[in-house]
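Each remark here refers to the structure printed beneath this line.
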Amino acid sequence: AHGAGQQYETSGDVLKGAPMQQPGALPAPVLTAAQFDKAKQIYFERCAGCHGVLRKGATGKPLTTDITRERGFDALKAFITYGSAAGMPNWGTSGQLSEAEVDLMANYLLNDPPQPPEFGMEQIQSTWKVIIPEDRRPKKQMNNLALENLFSVTLRDSGEIALIDGASKEIVTIIKTGYAVHISRISASGRYLYVIGRDAKINLIDLWMEKPDTVAEIKIGMEARSVETSKFKGFEDKFAIAGAYWPPQYVIMDGNTLEPKKIVSTRGMTTDKQEYHPEPRVASIVASHFKPEFVVNVKETGHILLVDYSDIKNLRVTTIEAERFLHDGGFDASKRYFLVAANARNKIAVVDTKDDKLVGMVEVGATPHPGRGTNFVHPKFGPVWATGHLGDETVALIGTDPKGHPKQAWTKVASLTGQGGGSLFLKTHPKSANLWVDTPLNPDPEMAASIAVFDTRNLDKPAEILPIAKWAGIKDGAPRVVQPEYNKAGDEVWISVWNAKDKVSAIVVVDDKTRKLKSVIKDPRLITPTGKFNVYNTLHDIY
Ligand code: DHE
């Protein structure tokens with residue numbers, strides 16, 4: 001039941017209870033260059049997401065050699081093989097790593113981690129390509145697409161995105177991108193689409209072309225997850241920003257060409273112990289609607305940076321002390337407050353993007369994972385923002401209206417009971433009374449293959465469970481139902497049925513009012529669809 005997604009789990013107590021090695025720990029085993037390279041690659045693909053490139057730990061435990069050598073080969077081997085209840089995947093028994101590979105990884109962890117190279121302006125510049133310069137791009141929209149209701153869909157394992165027309169549900173085009181694209185964002189004008197791969201490659205896609213395609217590309221590091229674009233009045237489409245996991249840095253670029261302008265390192269001191277951290281990765285980034293600022297969340301140090309892009313030569317950054325292990329988040333309905341999960345700390349930090357300060361720190365359930373979260377009006381407590389959790393079945397509702405409901409603001413006002421843990425994303429829409437909560441990482445295959453729907457006008461009513469993968473007619477494989485996303489009108493919900501690369505996947509469209517199946521998008525080109533980004537909703541932060 002463990003998939004790659006299990007890498008999400010927090011504080012995987014990787015080494016807890018492991019038999020202690022005798023004092024005078026083992027020396028590092030010698031690996032050949034070929035073995036070392038293979039292990040390095042496996043580590044990068046499977047382990048670094050949670051444990052960090054330098055193995056300092058974040059979502060997973062630290063694995064520096066002072067720790068691994070004390071525990072020893074056998075304990076490491078057991079944990080890699082069997083995993084742990086706290087979230088370490090069972091790489092051995094799941095068959096994802098062979099026994100020889102598990103041995104190799106245990107030995108590799110007894111060696112010091114190699115430091116990957118930096119990626120400064122010279123390297124970034126050398127990857128930058130303008131495929132169609134601005135003066136050769138269309139002056140107006142050259143296609144008949146209803147761009148505001150277009151969906152950009154991540155095809156995770158094929159290194160592509162699909163653009164799908166919201167009305168006809170036809171695939172308009174498939175565009176080659178970086179490796180395992182993570183998110184899509186839209187420029188303020190609605191014309192440009194930015195997507196970023198895990199390999200830190202960004203594609204700038206022009207939606208005005210007869211057939212939308214990449215007009216510029218760049219690589220801003222070795223590994224990344226986030227990209228965003230300037231939205232404040234007067235700066236529409238002017239800048240793009242991307243955050244890297246390695247090297248730990250963010251890069252500000254020209255919004256129309258991706259020309260790299262400025263690189264800023266995020267290395268520095270942690271908020272709690274105020275110790276130096278060599279690998280503070282950039283997690284989510286959003287663009288303020290109140291100021292010419294990007295909100296940049298630095299995972300390992302716990303700082304939220306408000307980066308003022310009005311004068312990047314004399315860059316002003318407000319550094320907000322929040323909480324360590326910042327990951328994903330989104331705005332409240334007024335778009336003034338940004339709420340972000342400090343996932344391994346079971347908290348949501350709240351930043352006022354008008355006054356540029358921290359206004360709340362809310363204790364929620366185990367390992368909150370909101371995506372961008374979602375907003376609705378609670379019958380009793382007024383406007384709330386919601387998050388689901390990886391570590392438990394609850395949905396936490398946080399009051400977001402300090403004027404009208406001051407007592408509830410920045411507190412957990414209620415907790416709903418969903419179908420189980422392993423939730424990644426949830427969504428409603430201003431026009432809807434349905435709250436959709438996924439559970440793709442739940443170990444129970446049936447739960448992972450279905451979605452829970454709450455009635456936001458009557459939250460005492462238990463959620464209805466819809467068997468989305470069954471509706472898609474997918475029997476083969478272990479499909480995971482992930483990330484509900486509304487269309488522009490707010491009357492349809494699109495849900496991915498994410499299966500293995502060599503199995504059939506689909507997108508299921510549900511009528512929001514009736515909660516009945518509306519259509520199933522199936523196509524051989526639809527390989528491992530995960531995130532879906534409706535142009536209008538993404539642009540206007542409607543969720
Ligand atoms: Fe994500 C958002 C990081 C695994 C699908 N993911 C994000 C964001 C971060 C992040 C920092 C916020 C970006 C922003 O808003 O600027 N994700 C990570 C990881 O580090 C992690 C845990 C492990 C990894 O190795 O990458 C990880 N993510 C996954 C997946 O396995 C998912 C489920 C499938 C996939 O496509 O890879 C996945 N992540 C998503 C999606 C979003 C996202 C769909 C955007 C959700 C939204 O509605 O905004």
Side-chain angles (χ1 to χ4, degrees), residues 7-16 47-68 70 86-88 113 225-226 243-250 264-286 294-307 317-329 337-353 355-370 387 389-392 396 398 410-412:
Q7 291 167 18
Y8 257 106
E9 293 279 346
T10 184
S11 313
D13 251 359
V14 176
L15 299 169
K16 199 166 79 185
C47 322
C50 285
H51 298 282
V53 174
L54 300 180
R55 305 190 204 144
K56 291 275 187 182
T59 306
K61 280 271 145 112
L63 293 170
T64 41
T65 49
D66 54 323
I67 298 167
T68 57
E70 198 173 293
M88 168 77 174
R225 299 291 183 283
S226 49
Y245 267 18
W246 188 269
Q249 63 193 19
Y250 59 88
V264 184
S265 172
T266 51
R267 289 186 174 107
M269 310 308 269
T270 60
T271 48
D272 51 2
K273 294 190 187 147
Q274 308 211 15
E275 328 180 285
Y276 179 74
H277 200 293
E279 193 190 352
R281 297 178 280 179
V282 177
S284 49
I285 303 180
V286 296
F294 292 121
V295 182
V296 176
N297 297 281
V298 185
K299 193 190 290 277
E300 279 79 5
T301 58
H303 287 118
I304 301 173
L305 310 178
L306 304 175
V307 179
V317 179
T318 304
T319 302
I320 294 179
E321 196 177 302
E323 180 60 277
R324 294 188 67 194
F325 310 116
L326 299 172
H327 193 73
D328 48 351
Y337 300 99
F338 174 71
L339 298 98
V340 59
N343 62 9
R345 292 282 159 89
N346 305 332
K347 287 193 178 120
I348 300 289
V350 189
V351 169
D352 178 350
T353 62
D355 289 348
D356 281 13
K357 60 178 193 200
L358 189 78
V359 293
M361 186 64 74
V362 189
E363 184 90 36
V364 290
T367 322
H369 193 286
T387 181
H389 297 88
L390 275 160
D392 66 38
I398 295 172
W410 324 133
T411 66
K412 188 172 94 172

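In this structure, the side chains of Arg345 and Asp272 come closer than 4.5 Å at one or more pairs of heavy atoms.
Among all heavy-atom pairs drawn from Val282 and Gln249, the shortest one is CG2-O, 3.6 Å. Residue Val362 comes nearest to Lys412 through the heavy atom pair CG1-N, 3.6 Å, listed as atom of the first residue, atom of the second, then distance. The minimum heavy-atom distance linking Ser284 with Val340 is given by the pair OG-CG2, 4.1 Å. In terms of heavy atoms, Leu326 sits closest to His303 at CD1-O, 3.5 Å. Of all heavy-atom pairs spanning Pro248 and Pro280, the tightest one is CB-O, 3.2 Å. Pairing each heavy atom of Ala322 with each of Ile304, the nearest pair is CB-CD1, 3.7 Å.
When atom types are taken as modelled, the side chain of Asn297 and the backbone of Ala283 share no donor-acceptor pair closer than 3.5 angstrom. Remark: the backbone N or O of Leu54 is paired with a side-chain donor or acceptor of Glu279 at under 3.5 angstrom. At distances below 3.5 Å, at least one donor-acceptor pair connects side-chain atoms of Arg281 with backbone N or O atoms of Gly49.
The structure places NE2 of His389 at 8.0 Å from OG1 of Thr367, a figure rounded to the nearest 0.5 Å. Here the CE atom belonging to Met88 is positioned 12.5 Å from the NZ atom belonging to Lys61, to the nearest 0.5 angstrom. If you take NZ on Lys299 and OG1 on Thr266, they are separated by 11.5 Å, rounding to the nearest 0.5 Å. To the nearest 0.5 Å, the span separating CH2 on Trp410 from CG on Leu358 amounts to 10.5 Å. Between atom OG1 of residue Thr64 and atom NZ of residue Lys56 there is a gap of 6.5 Å, rounded to the nearest 0.5 Å. Taking CG of Leu306 as the reference point, atom CG of Asp355 lies at 11.0 Å (rounded to 0.5 Å).
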Stepwise, does the side chain to side chain contact (heavy atoms under 4.5 Å, CB included) test hold for Met269 with Thr301? CA-CA 6 Å; Met269 310 308 269; Thr301 58; over 6 Å; no
- Task: Check the pair Ile348, Thr387 against side chain to side chain contact (heavy atoms under 4.5 Å, CB included), reporting the backbone distance first and the verdict last.
- Result: CA-CA 9 Å; Ile348 300 289; Thr387 181; 4.1 Å; yes
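Side-chain contact, Asp328 with His369: a donor N or O sits under 3.5 Å from an acceptor N or O.
Within a 6.0 Å radius of CD in Glu363, more than 12 heavy atoms belonging to other residues, nucleotides or ligands are found.
In this structure, Arg267 is positioned above the aromatic face of Trp246, its NZ or CZ under 6.0 Å from the six-membered ring centre and within 45° of the axis.
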